[in-house]
Trainee: 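The structure's right below; bear with me while I get my questions together.
Chain letters run A, B, ... following the sequence lines, proteins first and then strands; every chain starts at 1.
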Number of protein chains: 2
Amino acid sequence: MPKQGMEPIRRDALVRATIAELGAAGTLDVTVSQIARRAGVSSALAHHYFGGKDQIFLAAMRRILSDFVAEVRRELKGVPREGRAAAIVRACFGGSSFTPEAVGAWMCFYVMAQSNPQALRLWQIYHLRLRSNLIHALRPVCPRPAAAADTLGALIDGLYIRAALDPELSPAQAERQALTVLANLCGDRK
Amino acid sequence: MPKQGMEPIRRDALVRATIAELGAAGTLDVTVSQIARRAGVSSALAHHYFGGKDQIFLAAMRRILSDFVAEVRRELKGVPREGRAAAIVRACFGGSSFTPEAVGAWMCFYVMAQSNPQALRLWQIYHLRLRSNLIHALRPVCPRPAAAADTLGALIDGLYIRAALDPELSPAQAERQALTVLANLCGDRK
DNA sequence: CTGGAAACTGACCCGTCAATCAACTTCCCT
DNA sequence: AGGGAAGTTGATTGACGGGTCAGTTTCCAG
């Protein structure tokens, strides 16, 4: 029963369903039909709105990325200069960023970036933005902000991978590890 | 032109071809035909020897894992107690462990482990072995060996991911970052 | 010399899935 | 009212890829 103005609602539902499906499967081997079924529509409609499977995946990737950016901004609100780096780390492991679903989908996007130029481009943008945010946040507390930002970024990626494969690794543990390294990176020159 | 005693040679060629193909593609979307072609045989023969696609992939995964173990052993040879942790780190980024090909294939196995129970099992074994090696190596030089091993392991995984997506990241840089964190993890209590 | 095992392949079968199409329904504008 | 736009789907198509099989060649044992 068609209603007017469904497009944004359908798009949203499909994007959500994509993230859920990717997160649950942990693989890019997810069919358009599965996504559409979870979103409560036919696969034809998914194609109608997005044009193709890749576009659906890219939309989901953009969503996760922008959710993460929002999380960072929220965590950064009202935090003094010296606490900014820790706030960014908390954003990585808290809120909606570190649910099993999001982590699984995130890993899928890493894979997609290896063969899809647009996905690679999105990843590079995320990567550069996180890096510059971290450098800026580390400048007041760290002797070598750029190097520390690279290390911290790599550690965060690694913790994501491990969380995806090892359900034992809790968000709290992961966050603690990252914060410990952050403290070391900052404090070992005094 | 059939010759006797080809089986081990073919198996080896197919495993090598699998790693090369996975490493080049950066995805599990590699067909048996591609692998077989690169190995110079028909796809039917690949099925004949391995039984199926999954078996081929698992054989390749086992190969990469055992190559890595060999690398660690080699790097550890004749190194004094205090240098063991650094030697393991060097093994991760040197030799055949950190070629673009091996890193790409490695990432594929992480993906496979998310949906294939046998691959997950193999990953867990690798994971536990690396962990216990690291803990043992860190004991003489580090106040909290277990925590440090977990952190170092995650960092190494993260550096692999980044190397896979970012050709700018050289082995030397990655190794330097890992060794820096290792030094911090050891030295910050003095 | 001969029969069987090992090595090897081309052709085929069959399931799956992205993508398209031709409909049908509901809503809104004039 | 009624025509077009938006919403929606089931059925279909076409490609692709894993797996199987029947058949061919080569080698070796008895």
Trainee: Nearest of C:dT9, D:dT9, D:dC28 to any side-chain atom of A:Leu45?
Mentor: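 Output: D:dT9.
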Trainee: Hey, can you tell me if A:Trp106 and A:Tyr160 have their rings parallel, tilted or perpendicular (30° and 60° cut-offs)?
Mentor: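 A:Trp106 vs A:Tyr160 ring planes: tilted.
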Trainee: Where along residues 50-61 of chain A does a heavy atom come under 4.0 Å from DNA chain D, residue by residue in number order?
Mentor: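 Under 4.0 Å from DNA chain D: no residue of residues 50-61 of chain A.
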Trainee: If a pair satisfies ring pair (Phe, Tyr, Trp, His ring centres under 6.0 Å) and one of its residues is in residues 127-152 of chain A, list it, with sequence neighbours excluded.
Mentor: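 Residue pairs with at least one partner in residues 127-152 of chain A: A:Trp123-A:His127.
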Trainee: Where do B:Asp67 and B:Arg63 land on the salt bridge (Lys or Arg N to Asp or Glu O under 4.0 Å) test, with the steps shown first?
Mentor: CA-CA 6 Å; B:Asp67 281 358; B:Arg63 168 71 65 88; 5.0 Å; no
Trainee: Between C1' on C:dC14 and NE2 on B:His47, what's the gap in Å once rounded to a whole number?
Mentor: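 Computing the B:His47:NE2 to C:dC14:C1' distance gives 14 Å.
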Trainee: Give the angle between the helix axes at the two ends of the helix from C:dC1-D:dG30 to C:dT30-D:dA1, taking five base pairs at each end and rounding to 10°.
Mentor: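 Taking the rotation axis at each end, their angle is 10°.
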Trainee: Give the rounded distance in Å between these two atoms: NZ of B:Lys3 and C1' of C:dA7.
Mentor: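 So the two atoms are 11 Å apart, to the nearest Å.
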Trainee: For DNA chain D, determine which residues of residues 22-38 of chain B have any heavy atom closer than 4.0 angstrom to one of its atoms, and list them numerically.
Mentor: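 Hits under 4.0 Å, by residue number: B:Val30, B:Thr31, B:Val32.
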Trainee: Picking from D:dG10, D:dC28, C:dT9, which would you name as closest to the side chain of A:Ser42?
Mentor: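 The closest nucleotide is D:dG10.
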Trainee: Please list, by residue number, the residues of residues 6-17 of chain B whose heavy atoms come closer than 4.0 Å to an atom of DNA chain D; answer none if no residue qualifies.
Mentor: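 Result for residues 6-17 of chain B: none.
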Trainee: Partners of A:His48 by ring-ring contact (aromatic ring centres under 6.0 Å, His included), sequence neighbours excluded?
Mentor: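 With neighbours one apart ignored, the set is empty.
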Trainee: Quick check on the hydrophobic clustering: are B:Leu76 and B:Val141 connected, directly or via other members, by side-chain heavy-atom contacts under 4.5 Å?
Mentor: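 In one cluster: yes.
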Trainee: Is any side-chain nitrogen or oxygen of A:Tyr49 closer than 4.0 Å to OP1 or OP2 of D:dG7?
Mentor: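 Checking D:dG7 against A:Tyr49, a side-chain N or O does come within under 4.0 Å of OP1 or OP2.
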Trainee: Is the number of heavy atoms from other residues, nucleotides or ligands under 6.0 Å of B:Arg62 CZ greater than 12?
Mentor: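 Atom CZ in B:Arg62 is packed in, count exceeds 12.
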Trainee: Over all strands shown, is B:His48 touching base, sugar-phosphate only, or nothing at heavy-atom distances under 4.0 angstrom?
Mentor: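 B:His48: no heavy atom of the nucleic acid under 4.0 Å.
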